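Remember, predicted model here, so these are calculated numbers, not experimental data. In what follows, chains are A, B, ... by sequence order, proteins preceding strands, each numbered from 1.
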Amino acid sequence: MQRWLMKTEPGTFSIDDLRTRKTEPWDGVRNYQARNFIRAMRRGDAVLIYHSACPAPGVAGIAKVASAPKPDPTQFDPKNHHYDSTSKREDPRWTLVDVQFVRKLKRVVPLDEIKALTGLGDFALTRRGNRLSVLPVTDKQWNAILALE
DNA sequence: GCCAACGTTGGC
DNA sequence: GCCAACGTTGGC
């Protein structure tokens with residue numbers, strides 16, 4: 001089983017929204033590196049849900065991958081904000097997985113506390129200037145973050 | 001709202 | 001292939 005972190009803006013879609021929805025197609029990812037991580041996902045992989053672009057950025061909950069990777073339908077919808085007119089149905093460019101709520105953390109583990117952790121190796125979340133919205137997490141990183149909740 | 005970082009686009 | 005311009009992300 002692999003581990004991942006996926007960002008969301010809580011003003012748009014929060015961990016509480018995921019709890020209500022139970023399972024949500026994680027659409028709208030339009031970055032090739034993030035897409036390639038999504039394509040590497042398998043059903044049952046573990047996911048940290050991260051709140052970004054908000055007053056208290058940090059890890060808010062746990063989810064799991066609930067489907068195989070599949071084409072993101074919003075790329076073909078001209079009315080959708082994430083519409084991609086250059087993506088072809090016979091060769092879809094953008095991919096999503098369904099994400100299923102598991103639980104909220106006891107508190108949102110703040111980004112600055114995660115940044116203060118040491119000895120966790122390379123971590124895309126805390127790399128300077130990082131903007132990746134989907135990124136891999138090692139067992140050690142996962143456990144260190146959950147130890148802070 | 002500001003701004004640093006970074007990806008993408010397009011002219012050449 | 002270079003690189004300036006532009007758009008987006010995301011912390012602060």
Side-chain angles (χ1 to χ4, degrees), chain A residues 2-21 23-41 45-65 69-138 140-149:
Chain A
Q2 308 168 97
R3 302 184 190 276
W4 309 94
L5 180 146
M6 300 175 92
K7 295 181 184 174
T8 183
E9 299 187 14
T12 303
F13 190 84
S14 70
I15 188 69
D16 287 321
D17 294 321
L18 183 61
R19 181 172 56 179
T20 302
R21 302 267 303 167
T23 300
E24 183 74 3
W26 210 262
D27 59 25
V29 173
R30 295 292 182 271
N31 169 283
Y32 286 105
Q33 207 179 344
R35 181 205 68 181
N36 292 341
F37 287 135
I38 289 174
R39 288 184 175 180
M41 289 180 177
D45 283 358
V47 179
L48 293 174
I49 300 296
Y50 177 87
H51 282 174
S52 67
C54 60
V59 175
I62 297 175
K64 64 182 178 183
V65 175
K70 54 192 175 183
D72 178 345
T74 65
Q75 70 196 297
F76 302 120
D77 177 3
K79 295 190 189 67
N80 191 283
H81 182 248
H82 298 290
Y83 177 58
D84 182 350
S85 63
T86 65
S87 181
K88 301 188 180 73
R89 282 188 182 274
E90 63 273 20
D91 183 23
R93 174 171 302 156
W94 304 112
T95 306
L96 62 71
V97 290
D98 292 339
V99 172
Q100 183 180 349
F101 178 81
V102 173
R103 70 175 178 90
K104 289 178 71 169
L105 300 196
K106 298 185 194 83
R107 63 171 186 134
V108 176
V109 173
L111 178 60
D112 56 0
E113 292 185 29
I114 296 169
K115 281 180 174 171
L117 294 169
T118 56
L120 295 183
D122 187 42
F123 194 10
L125 181 67
T126 53
R127 253 184 245 149
R128 199 170 63 105
N130 169 65
R131 293 160 47 195
L132 255 190
S133 61
V134 178
L135 52 101
V137 176
T138 66
K140 192 186 266 189
Q141 291 159 357
W142 177 283
N143 292 331
I145 290 168
L146 291 195
L148 293 173
E149 74 168 313

J.: Whole-Å distance between B:dG7 P and A:Arg35 CZ?
T.: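 That distance rounds to 15 Å.
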
J.: From CG of A:Asp84 over to C1' of B:dT8, roughly how many Å is that when rounded to an integer?
T.: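 Value for this atom pair: 12 Å.
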
J.: Donor-acceptor pair, A:Thr20 side chain versus A:Asp16 backbone, under 3.5 Å?
T.: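 Pair found, side chain donor or acceptor close to backbone of A:Asp16.
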
J.: For the side chain of A:Arg128, starting at C-beta, report the closest nucleotide among C:dG11, B:dA4, C:dG10.
T.: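 Given the options C:dG11, B:dA4, C:dG10, the side chain of A:Arg128 is closest to B:dA4.
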
J.: In whole Å, I'd like the distance from the CD atom of A:Glu9 to the P atom of C:dG10.
T.: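 Whole-Å distance recorded here is 7 Å.
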
J.: Donor-acceptor check, side chain of A:Glu9 to backbone of A:Ser14, threshold 3.5 angstrom: yes or no?
T.: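 Not confirmed, A:Glu9 side chain does not pair with A:Ser14 backbone.
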
J.: Please determine if a side-chain N or O atom of A:Lys7 lies less than 4.0 Å away from the OP1 or OP2 oxygen of C:dT9.
T.: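 No, A:Lys7 has no side-chain N/O under 4.0 Å of OP1/OP2 on C:dT9.
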
J.: Would you please indicate if the ring centroids of A:Trp94 and A:Phe76 are separated by under 6.0 Å?
T.: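 Aromatic pair excluded; centres sit 6.0 Å or further apart.
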
J.: Nearest of B:dG7, C:dG11, B:dC6 to any side-chain atom of A:Asn31?
T.: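 The closest nucleotide is B:dG7.
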
J.: Is there a donor-acceptor pair under 3.5 Å between the side chain of A:Arg30 and the backbone N or O of A:His82?
T.: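 Indeed, once roles are kept as given, a pair shorter than 3.5 Å links the two residues.
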
J.: Whole angstroms only, please: what is the CG-C1' distance between A:Asn130 and B:dA4?
T.: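 In whole Å, B:dA4 C1' and A:Asn130 CG are 13 Å from each other.
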
J.: Report the distance from atom CZ of A:Arg30 to atom C1' of B:dT9, rounded to the nearest whole Å.
T.: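 My rounded result for the distance is 18 Å.
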
J.: Rounded to whole angstrom units, what separation is found between the CG atom of A:Leu132 and the P atom of B:dT8?
T.: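 Whole-Å distance recorded here is 11 Å.
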
J.: Output the single nucleotide from C:dG11, C:dT8, B:dT8 whose closest atom is nearest the side chain of A:Tyr50.
T.: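 It is C:dG11.
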
J.: Expressed in angstrom and rounded to an integer, what is the separation of A:Arg127 atom CZ from B:dG7 atom P?
T.: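 Rounded to the whole Å, the gap is 11 Å.
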
J.: Between A:Leu125 (CG) and C:dG11 (P), how many Å, whole number?
T.: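 Rounded to the whole Å, the gap is 8 Å.
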
J.: Please pick, from B:dT8, C:dG10, C:dC12, the nucleotide with the shortest atom-to-atom distance to any side-chain atom of A:Tyr32.
T.: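 Closest nucleotide to the A:Tyr32 side chain: B:dT8.
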
